Engineer: 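Take this structure first; my questions come after.
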2 protein chains.
Amino acid sequence: MAKPKTETMVAEIMDNIRRVFQVVNEQSKLVERETGLTGPQVWAIKVIEAHGTLRVSELAGKMYLHPTTVVGILDRLEKRGLVTRTRSATDRRVVDVSLTDEGRRLVDHTPEVASNKITHGLESLGIPELTIIYHGLDRLTQILDATNLPPAFFGTSEINLPKGKRRSQP
Amino acid sequence: MAKPKTETMVAEIMDNIRRVFQVVNEQSKLVERETGLTGPQVWAIKVIEAHGTLRVSELAGKMYLHPTTVVGILDRLEKRGLVTRTRSATDRRVVDVSLTDEGRRLVDHTPEVASNKITHGLESLGIPELTIIYHGLDRLTQILDATNLPPAFFGTSEINLPKGKRRSQP
DNA sequence: ACTGAATAGTTTGTGTACCAATAAATGTTA
DNA sequence: TAACATTTATTGGTACACAAACTATTCAGT
């Protein structure tokens, strides 16, 4: 294939990105059937467990989501008794989020969120093929970082892109 | 970086996929501000213009979306007078979708949906770098296809994954 | 021709995901 | 200190995205 035609390659790359979207979405639905929680919900309690008690804006930052979205997710998790919300004593604007015992139990019993088809498929590959995918995505995210100005909706709280990629904060 | 550790690479690949998600989402919002239509809406009328009149299930197939989702998008486009829905005379179960003059006018005046930051960034790269990204994503979608059973909600109508990827129909 | 399966599109309900506007608390500055 | 701005989380509203259930139509087999 690799016909050296910029236009064609860009179009195919965009199509492939859409494909990946699709599959990741399906995976989210699959996790839901297995655990009774949706992908984002599992993701949230994983983050909470890893970090310990944290404020809503911190959680949103670590999940790359807007606070409004996280509020909805927390509503559902709270209704199920998996997390608690408490107003901070020192700063009453802040809401601290933490796991309940039930939530912690569920996290432990969830045998790796990542054990979905994508991760599984990736893990079955050899180092050479993984390297190809890795470099391609890495290059892609680099150009995304270069062209993507921060939308500045995160306020001032540190954004903490996990792998230390991303530019300096405003 | 290419430290040959399967576990680490898989984790970083997943993180990068999430990054791409984020940026594509932002792009969709940006297109919305410029055209008054959302990303999926623009995508839909682009597909309709490219293919001409087509049925709802065909449109859904070409967009990799469930028919239910497309129905909602069509509702909004129809309300704005950009598309029309007509029941087919030969098969009254079928609904044919086509652009109105207004819709065609809007498509022409939309200077390339793809002129977003991602495509822009990609187009600014040279063939060698594009090749890296292309191969990485291509390999990724291959393993996704291999592990991803068709959800089988498209019925029998030809699905037409544009680049000739995807399995034979049931 | 008639019953039953399959198909096409839609409705209904849940869950993201975001923006705009808001309320309450804290900070800043005149 | 009092007016103003900022921060933090929430509510209200729109738009996806999908599953399950439903209606209408067509097809298949007897």
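In what follows, chains carry the letters A, B, and so on, assigned in the order in which the sequence lines appear, proteins first and then strands, with residues in each chain numbered from 1. Quick caveat: nothing in here was measured; it's all calculated off a predicted structure.
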Engineer: With sequence neighbours left out, write down each residue that passes side chain to side chain contact (heavy atoms under 4.5 Å, CB included) with B/Arg92, or none if nothing qualifies.
Structural biologist: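 Side chain to side chain contact (heavy atoms under 4.5 Å, CB included) check on B/Arg92 returns nothing, list empty.
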Engineer: Tell me the interatomic distance from A/Ile73, atom CD1, to C/dG15, atom P, rounded to whole angstroms.
Structural biologist: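 Taking CD1 of A/Ile73 and P of C/dG15, I get 11 Å after rounding.
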Engineer: Less than 4.0 angstrom between a side-chain N/O of A/Arg85 and OP1 or OP2 of D/dT10, yes or no?
Structural biologist: yes
Engineer: B/Leu74 CG to C/dT11 P: how many Å, rounded?
Structural biologist: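 B/Leu74 atom CG is separated from C/dT11 atom P by 12 Å.
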Engineer: Just the rounded figure in Å: distance from C1' of C/dG15 to CG of A/Leu77.
Structural biologist: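 Rounding to the nearest Å, CG of A/Leu77 and C1' of C/dG15 are 12 Å apart.
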Engineer: How long is the gap from CD1 on B/Ile45 to CG on B/Leu106, to the nearest 0.5 Å?
Structural biologist: 5.0 Å
Engineer: What is the distance, to the nearest angstrom, from the CG atom on B/Leu54 to the C1' atom on C/dA8?
Structural biologist: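 Between C1' of C/dA8 and CG of B/Leu54: 14 Å.
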Engineer: Using the side-chain heavy atoms of B/Gln41, tell me which of these nucleotides is nearest: D/dA17, D/dA15, C/dT10.
Structural biologist: D/dA15
Engineer: In terms of side-chain heavy atoms of B/Arg80, which of C/dT10, D/dT10, D/dA15 is nearest?
Structural biologist: D/dA15
Engineer: For nucleotides 24-27 of chain C, list the nitrogen or oxygen atoms of the protein found under 3.5 Å from its nitrogen or oxygen atoms, one pair per line.
Structural biologist:
from: C/dT26; atom 1: OP1; to: A/Arg92; atom 2: N; distance (Å): 3.4

Engineer: Nearest 0.5 Å, what's the CG-OG1 distance between A/Leu77 and A/Thr100?
Structural biologist: 9.5 Å
Engineer: Under 4.0 Å between a Lys/Arg side-chain N and an Asp/Glu carboxylate O for B/Glu102 and B/Arg105?
Structural biologist: yes
Engineer: What is the distance, to the nearest angstrom, from the NE2 atom on B/His66 to the C1' atom on C/dG13?
Structural biologist: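 Distance check: B/His66 NE2 to C/dG13 C1' gives 16 Å.
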Engineer: Indicate whether OP1 or OP2 belonging to C/dC18 is found under 4.0 Å from a side-chain N or O atom of A/Thr69.
Structural biologist: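 It does, given that an N or O in the side chain of A/Thr69 lies less than 4.0 Å from OP1 or OP2 of C/dC18.
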Engineer: Counting heavy atoms from C-beta on, name the nucleotide in D/dT10, C/dT16, C/dG9 closest to the side chain of B/Val94.
Structural biologist: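 Per side-chain heavy atoms of B/Val94, the pick is C/dG9.
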Engineer: Send over the distance from A/Leu65 CG to C/dC19 C1', rounded to a whole Å.
Structural biologist: 15 Å
Engineer: What's the separation between atom CG in A/Leu82 and atom CG in A/Asp101, rounded to the nearest 0.5 Å?
Structural biologist: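 A/Leu82 CG to A/Asp101 CG: 11.5 Å, rounded to 0.5 Å.
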Engineer: Separation of A/Asp75 atom CG from C/dA17 atom P, in whole Å?
Structural biologist: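 That distance rounds to 15 Å.
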Engineer: Any side-chain N or O of B/Thr68 below 4.0 angstrom from OP1/OP2 of D/dC18?
Structural biologist: no
Engineer: Could you check how far CD of B/Glu78 sits from P of C/dG9, rounded to whole Å?
Structural biologist: 14 Å
Engineer: Has A/Arg104 got a side-chain atom pairing as donor or acceptor with A/Leu99's backbone, closer than 3.5 angstrom?
Structural biologist: yes
Engineer: Pick base, sugar-phosphate or nothing for A/Arg76, based on heavy-atom distances below 4.0 Å to the nucleic acid.
Structural biologist: base
Engineer: Ignoring backbone atoms, establish whether B/Thr38 has a side-chain N or O less than 4.0 Å from OP1 or OP2 of D/dT14.
Structural biologist: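 Answer is no, no contact under 4.0 Å.
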Engineer: Once side chain to side chain contact (heavy atoms under 4.5 Å, CB included) is applied, do any residues pair with A/Thr53, and if so which ones, sequence neighbours excluded?
Structural biologist: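 Partners of A/Thr53 under the side chain to side chain contact (heavy atoms under 4.5 Å, CB included) test: A/Asp96, A/Ser98.
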